[in-house]
Structure formats: C-alpha cells, structure tokens
There are 2 protein chains.
Amino acid sequence: MLKKDEELLVALRKIIRAIGMRSRQLSKEVGLTGPQLMILQKVGKQAGVMVREIAEDINLSSATVTNILDRMEARNLVERIRSTEDKRKVGVFLTKDGEQSLSTAPLPLQEHFTNRFKAMEEWEQSQMVATLQRIALMMDAQHVDASPILEVGNIIEK
Amino acid sequence: MLKKDEELLVALRKIIRAIGMRSRQLSKEVGLTGPQLMILQKVGKQAGVMVREIAEDINLSSATVTNILDRMEARNLVERIRSTEDKRKVGVFLTKDGEQSLSTAPLPLQEHFTNRFKAMEEWEQSQMVATLQRIALMMDAQHVDASPILEVGNIIEK
DNA sequence: TCCTAATATTTAGTATACTAATTATTATAT
DNA sequence: ATATAATAATTAGTATACTAAATATTAGGA
C-alpha cells in the first residue's frame, strides 16, 4: 500500500506523461508540439513579445524558449527581430505561415479533457484550479512560508 | 484575464517545473536525479525487478528506463542480469554503492513540500490526491468515458 | 569618463522522455 | 514442426528543459 504522498507523486507523473503524449500527438497531427503551440499563441496575442516575456508567461527558462524558437524559426513559423532601441532585446513575430498554423491549431490540452473540464460546475472548476495552484505554491522554493531569509540564488532566479 | 482551463495549464506547468528543479537540486546534492532516485527505490524494494515493471510502476516508457539505467549502471549503482529461464527478461539489482546511496538519499519531492503535505489534515490530503487522480483520469486517453470503441494502438500501448 | 552591475539572449553540455524500429526470445496455432 | 504472433529490452532519432557560462548591450555610480 502506497502512502498518500507517494500516491500524489504517482498521480502527478501520470498527468505529466499525459501532457507529454498530447504534445507528441499534436506534433504528428498539426506539426506543432505543446510548448511550440503555447509560444505561437503568446506571439499571436502579443506581436513582438520578448523572449523573456514568453518564458515567464508559460513558465520556461529563456534558454528553453530560445531552443524552441530556433526550431520554429527554421520552419518559418516565427521570425526574430532584434530591437534597434535596445539591442539586447529580441522581438518575436508570426510569419504568414505562423498565422496560418495558429488559426487552425487545436488546444494544447486534449479536447476531451477540456470538454469534460468545461462541463463541470463552475465551483468544481475553481476548486480544481485552486488545488493545483496550492500544490504549485507548496512546491515553490521561493515561497517557503515563515522563512524571511531567502538565498541570493532564489532572488536572482525568479 | 485567463480562462479557467488556461489557469489550470499554467498551474500544471509550475508544478512540472518545480519537480524538474527538485530533480536537478538532488543531482547536485546527492548525485541522483528524481527519476534515478525513484528507480533506485523501486529496485531496493524489489531486487531483480524487470525493466518493464519499473516502467509501469513509475509511469515511464521502457526506453526511458533503459536510458536511465545505462547511466546508473555506468556509475555502478545498479547491475543488470539477464534471466536464464527467460532470456528476454533483464533483472535489475542494487550494487553495494547503490545500497549505500539509497540508504542516505532524501525524498524525491522537496522536503518542505512533503512536510507541509503531511502537516495537512487527513481529509485534506485525501482531497488533494483525489483531485489529482481525477485530472489524471480525465487526461487518460485510454479511459474516455462513454466510449466503448478503443483504437488498437491504445490497447497495445498500455 | 570609466568601471561595474544589471539585463537579454544565446551556446554548451547534460538528463529526461517519447515513438518507431530492431533484435532476441518465447508462446501459439495450424 | 514451423511459421506467426507476442513479449522484452535496446537503439536511433527527436524534442523538451534545465544550469552555467559566454556574449553583447545598457544603466548607474564614483
């Protein structure tokens, strides 16, 4: 018999795996993985968005976003234009192909999950989201409660 | 303002990221990543366990387990011995070093998370686990309810 | 001015993690 | 008995995803 915290870990692993599988399914069906689609959506909503902004928005490191953008740029879905006023910054824009892909792309999470989620009562949805947010907060090393002392690394990182 | 299903995805991403960061922290501190530690624990509990059994237990593909075992074997934490009665099967065993590592290893999830989780009321823990299990089930393509027709790929896969 | 710190992105290197295909073995059915 | 199917593990190839270090630029202070 597993302990509760072990059951929790197992459930999380299943969720993580399901998200990964959805990503590969997307890749086969529309040629975009989950993270690529999320980046495409972000750029679609905010043309010229910075790499760092994308990274913060979807909770990835800048290095990862750079990596994914490399692939997307090679496939002509987005283009990077370095800012002229602050040459450190790089703006990301959709190409025609990118706009086309975005307009026909499905949701990052499986449709059947999203449908079921939307079919739930409002309070139930809220409760589910709240539980996940609570877990995320409990796991967040930056917000260990009753701990006024933060390491330098923590402050820099986030 | 984000929609509820988008909030849910963001929260999941944060959790996934926190688990990954814990894994890298473990790697620096004790030289074992999260998945490596989980495999070590499984082998510790069940000497000679098959690769497939490990994969099913912690929700990974066999290929991934093989990959991780390669690294662990190279570092002399485990050894693989092919079964003599069924030569397709490979049993995994702890080495002395592996036993040593396991005996001093910390938990796969951050201690401060586990502590906080254990400090919660019993019913609250159960509710949290149940919510995660429900999400996992909702995401599981194998268990789309009201759908008696399963694709061949699904049956074979799991 | 000029040095240092901060910011933004990229590169290098490593570890997951998957699917599809391959190899080897064992089980089954004709 | 032998061809076929199923099972087990591995290999090949690709995509995340991270940290640390490198590069370039901008901002601030002495």
Side-chain angles (χ1 to χ4, degrees), chain A residues 13-14 16-29 31-39 49-56 58-75 80-92 108 152-153 155-157, chain B residues 13-14 16-29 31-39 49-56 58-75 80-92 108 152-153 155-157:
Chain A
R13 287 217 49 80
K14 282 184 185 164
I16 291 171
R17 198 177 188 196
I19 290 174
M21 284 176 169
R22 167 61 173 165
S23 177
R24 278 175 287 278
Q25 183 195 18
L26 281 174
S27 177
K28 270 210 298 198
E29 288 177 8
L32 284 171
T33 63
Q36 286 173 7
L37 177 52
M38 289 174 82
I39 289 176
V49 63
M50 283 170 61
V51 174
R52 183 185 53 71
E53 287 177 308
I54 297 173
E56 277 173 10
I58 62 183
N59 253 275
L60 293 170
S61 75
S62 289
T64 301
V65 174
T66 289
N67 189 357
I68 297 172
L69 283 177
D70 286 345
R71 236 169 261 117
M72 293 174 76
E73 199 172 26
R75 289 181 40 216
R80 284 186 268 206
I81 299 174
R82 194 167 284 272
S83 164
T84 47
E85 52 180 62
D86 184 341
K87 283 183 268 187
R88 292 170 303 182
K89 297 181 183 177
V90 169
V92 184
V152 175
I155 295 168
I156 290 171
E157 235 296 88
Chain B
R13 288 217 47 79
K14 283 185 186 164
I16 290 171
R17 199 177 186 196
I19 291 174
M21 283 176 170
R22 168 59 172 166
S23 177
R24 278 174 287 279
Q25 182 195 18
L26 279 174
S27 178
K28 270 211 297 197
E29 286 177 7
L32 284 170
T33 63
Q36 286 173 6
L37 177 53
M38 289 174 83
I39 289 176
V49 63
M50 284 170 62
V51 174
R52 184 185 52 72
E53 288 177 307
I54 297 172
E56 277 173 11
I58 61 182
N59 254 273
L60 292 171
S61 75
S62 289
T64 301
V65 174
T66 290
N67 189 356
I68 297 172
L69 283 176
D70 285 344
R71 235 169 265 118
M72 292 174 78
E73 198 171 27
R75 291 183 35 218
R80 283 186 269 206
I81 299 173
R82 195 167 282 271
S83 163
T84 48
E85 54 180 59
D86 184 341
K87 283 182 272 186
R88 292 170 301 183
K89 297 181 182 177
V90 168
V92 185
V152 176
I155 295 166
I156 289 171
E157 233 298 89

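Just so we're clear, the structure is a prediction, and the values are computed from it rather than from any experiment. Numbered from 1 within each chain, the chains take letters A, B, ... in sequence-line order. The figures here come from the full heavy-atom set of this structure, side chains too, leaving out hydrogens, waters and symmetry mates.
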Sugar-phosphate, base or nothing in reach of B/Glu53, heavy atoms under 4.0 Å: nothing
Closest to side chain of A/Arg88, choosing from C/dT7, D/dT19, C/dA17: C/dT7
Gap between atoms CD1 and P, on B/Ile16 and D/dA17 respectively (whole Å): 8 Å
Phosphate contact (D/dC18 OP1 or OP2) by B/Arg17 side-chain N/O below 4.0 Å: yes
Sugar-phosphate only, base, or nothing, as touched by A/Thr66 at under 4.0 Å among non-hydrogen atoms: base
Sugar-phosphate only, base, or nothing, as touched by A/Arg22 at under 4.0 Å among non-hydrogen atoms: nothing
Proximal nucleotide (of C/dC18, C/dT26, D/dA9) relative to the B/Leu60 side chain: C/dC18
B/Arg24 vs D/dA17: side-chain N/O to OP1/OP2 distance below 4.0 Å: no
Atom-to-atom span, CD1 of A/Ile19 to C1' of C/dA17 - whole angstrom: 14 Å
Candidates D/dT11, D/dC18, C/dT16 - which lies nearest the side chain of A/Thr64: D/dC18
Euclidean distance, atom CG of residue B/Asp70 to atom P of C/dT14 [Å, nearest integer]: 16 Å
Integer-rounded Å distance: D/dT25 C1' and A/Arg52 CZ: 15 Å
Sugar-phosphate, base or nothing in reach of A/Gln25, heavy atoms under 4.0 Å: nothing
